[in-house]
Amino acid sequence: MSTTVSFPVPSPRGPQHVTVSYARVGRGEPLLLLHGIGHHRQAWDPVVDILATERDVIAVDLPGFGASPGLPDGLAYDLPTTSAVFGAFCEALELDRPHVAGNSLGGLLALDLGREKLVRSVTALSPAGFWSEAERRYAFGVLVTMRRIARRMPLPLVERLARTAAGRTALTSTIYARPGRRSPDAVVAETLALAHATGFDATLRTGADIRFTDDIPGIPVTVAWGTRDLLLVRRQGVRAKQIIPRARLVRLPGCGHCPMNDDPALVARVILDGSR
């Protein structure tokens with residue numbers, strides 16, 4: 001069951017109210033889950049039940065994605081604003097420095113929350129921001145193409161493709177190494193989420209100049225990369241380790257860009273181990 005919370009976020013025009021949709025389950029220390037661009041919180045569904053046995057899991061839809069409305073006028077889809085949004089979100093839910101795990105864009109946000117000392121540990125799965133310029137252009141080109149296809153494809157066609165393993169491969173093999181494992185309903189829902197994401201274009205524009213270049217001392221950091229990531233190639237993980245030398249760098253064999261669905265047990269274990 002999802003719910004929403006609204007809270008004020010500072011802006012040059014004064015406080016602006018932001019609304020975020022999230023689902024919360026489990027018990028233990030709080031763990032915030034952040035998805036990637038064009039995705040939604042259901043990307044974490046394969047691992048949530050495992051994580052919830054040991055953590056109070058809060059999976060969110062980023063503003064302008066999934067069920068969360070876009071940011072109000074006066075708030076930019078940039079890294080400082082989004083980190084401020086999630087700082088305010090944690091205050092609204094009375095989360096005292098939760099653990100955070102993020103994938104892709106969510107991984108970059110998780111690292112930024114760690115840099116700002118707003119969380120007690122960070123697990124970043126294929127985080128954005130460690131690319132070369134050529135790698136960034138490639139990834140953005142793929143994302144724009146995926147978005148264009150999702151917006152042009154009639155829903156009956158999406159539903160028909162999702163019913164077969166070959167169709168799910170055609171729709172999602174860019175982000176999953178094992179797309180046949182994704183359920184038909186999940187593939188339809190995430191294709192619609194990509195098509196309808198109001199924050200997609202603005203987020204992609206602000207991401208063009210982003211590089212993560214700071215160490216994160218004082219808190220545990222795990223960076224994990226799928227060996228079959230076709231969107232952000234795994235050598236970017238080596239760069240992340242050079243920038244954050246105390247980080248634990250974990251290889252995820254046989255996993256793609258969104259590894260939660262490819263190997264839920266492994267990804268859950270990496271997150272739990274990284275949030276002790």
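All values below come from the heavy atoms of this structure, side chains included, with hydrogens, waters and symmetry mates left out. In this text, all values refer to a predicted model and were calculated from it rather than measured experimentally.
A distance-only check finds no donor-acceptor pair linking the side chain of S173 to the backbone of A170 [under 3.5 Å]. A donor-acceptor pair under 3.5 Å is formed between the side chain of E135 and the backbone N or O of S132. Checking side-chain atoms of R55 against main-chain N and O of L32 turns up no donor-acceptor pair under 3.5 Å. S83 contributes no side-chain N or O that, together with a main-chain N or O of D112, makes up a donor-acceptor pair within less than 3.5 Å. Here the side chain of W225 pairs a donor or acceptor atom with the backbone of L232 at under 3.5 angstrom.
Summarising the geometry, atom CG belonging to L51 is positioned 11.5 Å from atom CG belonging to D56; distances are rounded to the nearest 0.5 Å. The distance from atom CG of L79 to atom CG of L108, rounded to the nearest 0.5 Å, is 5.0 Å. Atom CG of D262 and atom OG1 of T227 lie 9.5 Å apart (nearest 0.5 Å). Here CG of L31 is found 7.5 Å from OG of S121. Values are rounded to the nearest 0.5 Å. Between the CG atom in L272 and the CD1 atom in I50 there is a gap of 8.5 Å [rounded to 0.5 Å]. Taken from CZ in R24 to CD1 in I58, the straight-line distance is 4.5 Å, to the nearest 0.5 Å.
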Next on the checklist: If you apply the rule salt bridge (charged side-chain N to carboxylate O under 4.0 Å, His left out), what do you find for E29 with R276, and how did you get there?
Outcome noted: CA-CA 9 Å; E29 294 184 351; R276 297 293 178 198; over 6 Å; no

Next on the checklist: Apply side-chain hydrogen bond (donor to acceptor under 3.5 Å, both in side chains) to residues S6 and H17 and explain how you reach the verdict.
Outcome noted: CA-CA 6 Å; S6 297; H17 273 79; over 6 Å; no

Item to check | Full working for side-chain hydrogen bond (donor to acceptor under 3.5 Å, both in side chains) between Y22 and R41 | outcome: CA-CA 8 Å; Y22 68 97; R41 62 174 176 78; over 6 Å; no

Item to check | From CA spacing to verdict: salt bridge (charged side-chain N to carboxylate O under 4.0 Å, His left out), R234, D229 | outcome: CA-CA 7 Å; R234 60 177 175 167; D229 191 331; over 6 Å; no

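Using a 4.5 Å cut-off on side-chain heavy atoms (C-beta onward), L111 and V221 make contact. The shortest distance between side-chain heavy atoms of R228 and C255 does not fall below 4.5 Å. A 4.5 Å side-chain heavy-atom check between L34 and V100 finds at least one atom pair inside the cut-off.
Remark: the H257 side chain and the S104 side chain contain an N/O donor-acceptor pair separated by less than 3.5 Å. A donor-acceptor contact under 3.5 angstrom links the side chains of R248 and T222, judged on distance only. Between the side chains of R182 and Y176, at least one donor N or O lies within less than 3.5 Å of an accepting N or O. Side-chain atoms of H40 and E190 form no donor-acceptor pair, as typed in the model, at a separation below 3.5 Å.
Taking a cutoff of 4.0 Å between a charged side-chain nitrogen and a carboxylate oxygen, R163 and E159 do not qualify as a salt bridge.
Centroid-to-centroid, the aromatic rings of W131 and F140 come within less than 6.0 Å.
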